[in-house]
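Working notes, structure below.
For ligands, and for the atoms within them, numbers begin at 1 and follow the listed sequence. In this text, all values refer to a predicted model and were calculated from it rather than measured experimentally.
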Amino acid sequence: MENLSILKDKNPIQILKNWLREAEESPEISKANVMVLSSFNIRLEGKHKISSRVVLLKEITEESLTFYTNYNSLKSHQLENPSALNFYWPALNKQVRLEGETKRTNRKKSLQYWKTRSRESQISQYISKQSEKLDRRSILEKKWKETQKKFHGEDIPCPPHWGGIIFSPNLIEFWVERPHRLHERLVFEKDPIRKEWQSYLLYP
Ligand SMILES: Cc1cc2nc3c(=O)[nH]c(=O)nc-3n(C[C@H](O)[C@H](O)[C@H](O)COP(=O)(O)O)c2cc1C
């Protein structure tokens with residue numbers, strides 16, 4: 001098994017891509033792109049000042065990771081602040097933690113991705129008031145059927161409040177489980193001015 005120290009001078013995004021590929025190729029992992037997104041907004045009333053949920057990674061570039069969501073959802077109200085992502089693949093005994101900032105994809109990019117979705121899931125996104133209270137499940141099911149009929153023979157329009165979130169990491173930590181709890185941790189931090197990654201090890 002690779003030793004994390006030898007990756008100290010590598011590009012952390014490339015390491016993450018390699019780990020994602022390893023997870024995708026593992027027969028024991030069904031959704032390698034599952035990531036937990038944590039976000040907060042202390043200005044929100046009552047609960048929900050801080051929360052986590054699963055989202056799916058749809059694109060990774062040298063600078064960022066993209067997922068898609070509803071811009072009116074709880075998470076979107078929290079993403080004006082820094083946020084964090086976490087991957088854990090039990091079959092590989094590996095974890096990756098990321099901290100960073102987010103922004104929205106432009107409309108053209110959101111539309112491009114919208115077109116790749118199935119008609120059924122487009123309808124679900126079209127009618128969902130994600131994170132709002134729903135009195136009865138039957139309301140949602142009725143709305144789904146009505147919308148299916150309403151757009152019969154036509155494309156389902158992408159609602160303006162649906163699209164991508166681009167997460168740009170400024171810290172990435174790679175973690176590997178080792179015997180006797182002597183786990184390995186390798187952190188990369190991005191210099192905010194020079195935009196270069198610097199790495200160091202952490203005690204487990
Ligand atoms: C496997 C899995 C994948 C999911 N993928 C997404 C996703 O890509 N985008 C999304 O908005 N919600 C996704 N969800 C639902 C979220 O976890 C969450 O319930 C929803 O986004 C509302 O979160 P919020 O109220 O904190 O905004 C997924 C859930 C699971 C379990």
Side-chain angles (χ1 to χ4, degrees), residues 16-17 19-61 63-92 94-141 143-144 147 156-169:
L16 176 56
K17 284 184 182 174
W19 284 23
L20 277 162
R21 193 174 332 108
E22 194 186 348
E24 276 156 20
E25 288 169 0
S26 166
E28 292 166 79
I29 299 174
S30 62
K31 288 190 180 90
N33 60 340
V34 161
M35 47 188 194
V36 174
L37 166 73
S38 299
S39 54
F40 75 97
N41 187 343
I42 54 167
R43 291 191 294 109
L44 290 182
E45 293 289 321
K47 291 175 187 162
H48 302 321
K49 287 188 176 3
I50 182 159
S51 51
S52 299
R53 80 290 290 155
V54 164
V55 290
L56 294 178
L57 172 68
K58 291 297 170 181
E59 188 183 352
I60 178 167
T61 69
E63 300 294 323
S64 63
L65 294 87
T66 301
F67 61 91
Y68 287 83
T69 195
N70 185 312
Y71 293 151
N72 295 331
S73 65
L74 169 65
K75 74 180 85 50
S76 298
H77 293 304
Q78 294 177 327
L79 288 177
E80 63 190 58
N81 294 307
S83 55
L85 288 171
N86 183 292
F87 293 91
Y88 174 50
W89 303 286
L92 306 181
K94 286 179 173 177
Q95 171 183 243
V96 183
R97 296 165 62 172
L98 303 98
E99 297 175 15
E101 309 268 349
T102 59
K103 61 179 185 190
R104 294 175 180 184
T105 53
N106 61 35
R107 182 73 177 158
K108 192 174 160 212
K109 178 97 180 162
S110 298
L111 289 175
Q112 249 173 21
Y113 180 65
W114 177 261
K115 286 191 192 124
T116 68
R117 321 248 319 150
S118 72
R119 189 175 176 81
E120 289 72 21
S121 75
Q122 284 178 343
I123 297 172
S124 302
Q125 307 288 354
Y126 183 84
I127 62 168
S128 177
K129 299 179 188 172
Q130 193 176 59
S131 316
E132 283 186 31
K133 278 191 179 154
L134 170 67
D135 285 338
R136 288 184 312 281
R137 173 86 191 161
S138 57
I139 297 175
L140 183 68
E141 286 169 2
K143 218 165 157 191
W144 197 93
T147 308
I156 312 292
C158 175
H161 54 263
W162 188 91
I165 300 281
I166 303 170
F167 175 96
S168 302

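In the model, Ser110 has no side-chain atom that pairs as donor or acceptor with a side-chain atom of Trp162 under 3.5 Å. A donor atom on one side chain and an acceptor atom on the other are not found under 3.5 Å apart for Asn70 and Gln125. Side-chain contact, Ser76 with Ser73: a donor N or O sits under 3.5 Å from an acceptor N or O.
Backbone and side-chain nitrogen or oxygen atoms of Val34 are examined, and none is located within less than 3.5 angstrom of a nitrogen or oxygen of ligand 1. Residue Lys31 has no nitrogen or oxygen atom sitting less than 3.5 Å from a nitrogen or oxygen atom of ligand 1, judged on distance alone. For a threshold of 3.5 Å applied to N or O pairs, the pair formed by Asn70 and ligand 1 contains no separation below that value.
With respect to atom 21 (O) of ligand 1, the closest heavy atom belonging to the protein is Lys75 NZ, 2.7 Å. What sits closest to atom 24 (P) of ligand 1 on the protein, heavy atoms only, is Ser131 OG, 3.5 Å. Ranking protein heavy atoms by distance to atom 12 (N) of ligand 1, first place goes to Gln130 NE2, 4.0 Å. At the shortest separation from atom 11 (O) of ligand 1 among protein heavy atoms lies Thr69 OG1, 2.6 Å. When only non-hydrogen protein atoms are considered, atom 14 (N) of ligand 1 lies nearest to Val54 O, 3.2 Å. The protein heavy-atom contact nearest to atom 8 (O) of ligand 1 is Leu56 N, 3.1 Å.
Residue contact check for ligand 1: Tyr68 places a non-hydrogen atom closer than 4.0 Å to it.
More than 12 heavy atoms of other residues, nucleotides or ligands shown are found within 6.0 angstrom of CD on Glu80. Counting heavy atoms of neighbouring residues, nucleotides and ligands inside a 6.0 Å radius, atom NZ of Lys31 does not exceed 12 of them.
Atom 19 (O) of ligand 1 is not flagged as protein-proximal [any protein heavy atom, distance under 4.0 Å].
Exactly one residue among Leu56, Ile60, Leu65 makes a side-chain contact (heavy atoms from CB on, under 4.5 Å) with Asn33. That residue is Leu56.
Between Tyr68 and Tyr113, the ring planes are parallel. Angles under 30° get that label, and only those over 60° would be called perpendicular.
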